[in-house]
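Down below is the structure, laid out as structure tokens.
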2 protein chains.
Amino acid sequence: MKISEIAEKSGLTRSRIRFYEAEGLLGGVRRQGNGYREFPPEALQLLEIITGAQQAGFTLDEIKSLLPAADGKGWHHAELLTSLRRKVEDIEELQRRLKRTRAQLLTIIEGIETRPAGLGCKANTERVLAQVRARRS
Amino acid sequence: MKISEIAEKSGLTRSRIRFYEAEGLLGGVRRQGNGYREFPPEALQLLEIITGAQQAGFTLDEIKSLLPAADGKGWHHAELLTSLRRKVEDIEELQRRLKRTRAQLLTIIEGIETRPAGLGCKANTERVLAQVRARRS
DNA sequence: CTTGACCCTCAAGTTAACTTATACCTTAGG
DNA sequence: CCTAAGGTATAAGTTAACTTGAGGGTCAAG
């Protein structure tokens, strides 16, 4: 497979694919006589794994360290599992934070909407901030 | 208040505070005769609002456009509410994505742990990816 | 008067993950 | 042969949000 083909099939740009190869995330890329890249079919799967991992919040460096070593044969399952579990925990942590943040934003919105008549803007800011601080506990 | 004091009270670095001022996020900063910054007490609240908004996922540019104009007197409530509501939606969208991603990761973990004996690493990769793809729907 | 803690400005460096630009080669078609 | 489409390498640019560094004033104490 040449680069345009795999780019279309994967939905990624050619530059991005070349970038991944240069970074060592894409092993097994051969060269044709003319210097053109020749991608094995597995490369498509690999790209799928990479973009999926990215969406899961892995950095390229993390992904690189978890991918089957370009030289070795496959994954080191223990490490992979550890890393996956750690990432699940990261996500859960982020979920908790988002939940708090969302609640705070709703508190602020409510605080603005229900501003007591006669209370100045500045005073209301104080009031709303106090509500938010109270919520943090 | 001089910069070190507000830095300590806010927990931010001096460079970060100077940066915010330079970006126009921190209005009302005066100068003493010697050129030193003199922060009004409200600046502390402003910093609190800024970092809070950042944690809520606002970029500095967004925050800047929502803060009380340095020249004007206060907030433009309608815009502020609109933006806050939009950000709540962003958060909810992110929450949905995280939920899916977490489920996918768990699927993968399970797929690895329950690999049928006798199935090769490569074949199992295929199997697991298929499971993940199925989950995406 | 000197030392050390603070303060200033302005420019440049940092990180991640790419994209864009430059310049040149290859291949297929009319 | 010429051209357009597609390929290559390498370097530099991009964005966000800061940090770091260079070079230099200010102030209180001893």
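Residue numbers start from 1 in every chain, and the chains themselves are labelled A, B, ... in the order their sequence lines are given, proteins ahead of strands. Worth knowing before you read on, the calculation uses all heavy atoms, side chains too, and leaves out hydrogens, waters and symmetry mates.
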With a 4.0 Å cut-off on heavy atoms, is B:Glu23 in touch with a base, just the backbone sugar-phosphate, or nothing at all? nothing
Here the distance between atom P of C:dC7 and atom CD of B:Glu8, to the nearest Å, is 11 Å
Once you round it to whole Å, what is the distance between P of D:dG7 and CG of A:Asn34? 10 Å
Check this one for me: any side-chain N or O of A:Arg37 less than 4.0 Å away from OP1 or OP2 of D:dT8? yes
CD/A:Glu8 to CZ/A:Arg14 distance, rounded to the nearest 0.5 angstrom? 10.5 Å
Could you check B:Arg16 against B:Thr51 for side chain to side chain contact (heavy atoms under 4.5 Å, CB included), going step by step and ending with a plain yes or no? CA-CA 11 Å; B:Arg16 192 165 166 186; B:Thr51 54; 4.1 Å; yes
May I ask you to say what A:Arg18 touches in the nucleic acid, namely base, sugar-phosphate or nothing, with a heavy-atom cut-off under 4.0 Å? base
Pick the nucleotide of DNA chain C nearest each of B:Glu21 and A:Asp61; which residue has the one closer to the 5' end? B:Glu21
Within this structure, what is the CG-CZ distance for the pair B:Leu105 and A:Arg86, rounded to the nearest 0.5 Å? 12.0 Å
Supply the atom-to-atom distance B:Ile112 CD1 to A:Leu80 CG, rounded to the nearest 0.5 angstrom. 4.0 Å
Return the nearest nucleotide to the side chain of B:Gln54; candidates are C:dC18, D:dC18, C:dC8. D:dC18
Roughly, in whole Å, what's the span from OH in A:Tyr20 to P in C:dC18? 3 Å
Measure from CD1 on A:Ile17 to P on D:dG6 and round the result to the nearest Å. 15 Å
Please report, rounded to the nearest Å, how far the P atom of D:dA5 is from the NZ atom of A:Lys2. 15 Å
When rounded to whole Å, the NZ to C1' distance for the pair A:Lys64 and C:dA17 reads 13 Å
Roughly how many Å is it from OH in B:Tyr36 to C1' in D:dC27, rounded to a whole number? 6 Å
For a quick test of reading the model: is some side-chain N or O of B:Arg31 closer than 4.0 Å to OP1 or OP2 of D:dT26? no
5' precedence on DNA chain D between A:Ile3 and B:Thr59 (nearest-nucleotide basis): A:Ile3
Nearest whole Å is fine: how far is D:dG7 C1' from A:Phe39 CZ? 11 Å
As a test of reading the structure: which of C:dC18, C:dT19, C:dC8 is closest to the side chain of A:Thr13, going by heavy atoms? C:dT19
For A:Ser15, report the nucleic acid contact type (base, sugar-phosphate, nothing); a contact means any heavy atom under 4.0 Å. base
Keeping the roles fixed (side chain from A:Glu38, backbone from A:Met1), state whether a donor-acceptor pair exists under 3.5 Å. yes
I want to verify a distance call: between C:dC6, D:dC18, C:dA17, whose nearest atom is closest to the B:Arg16 side chain? D:dC18
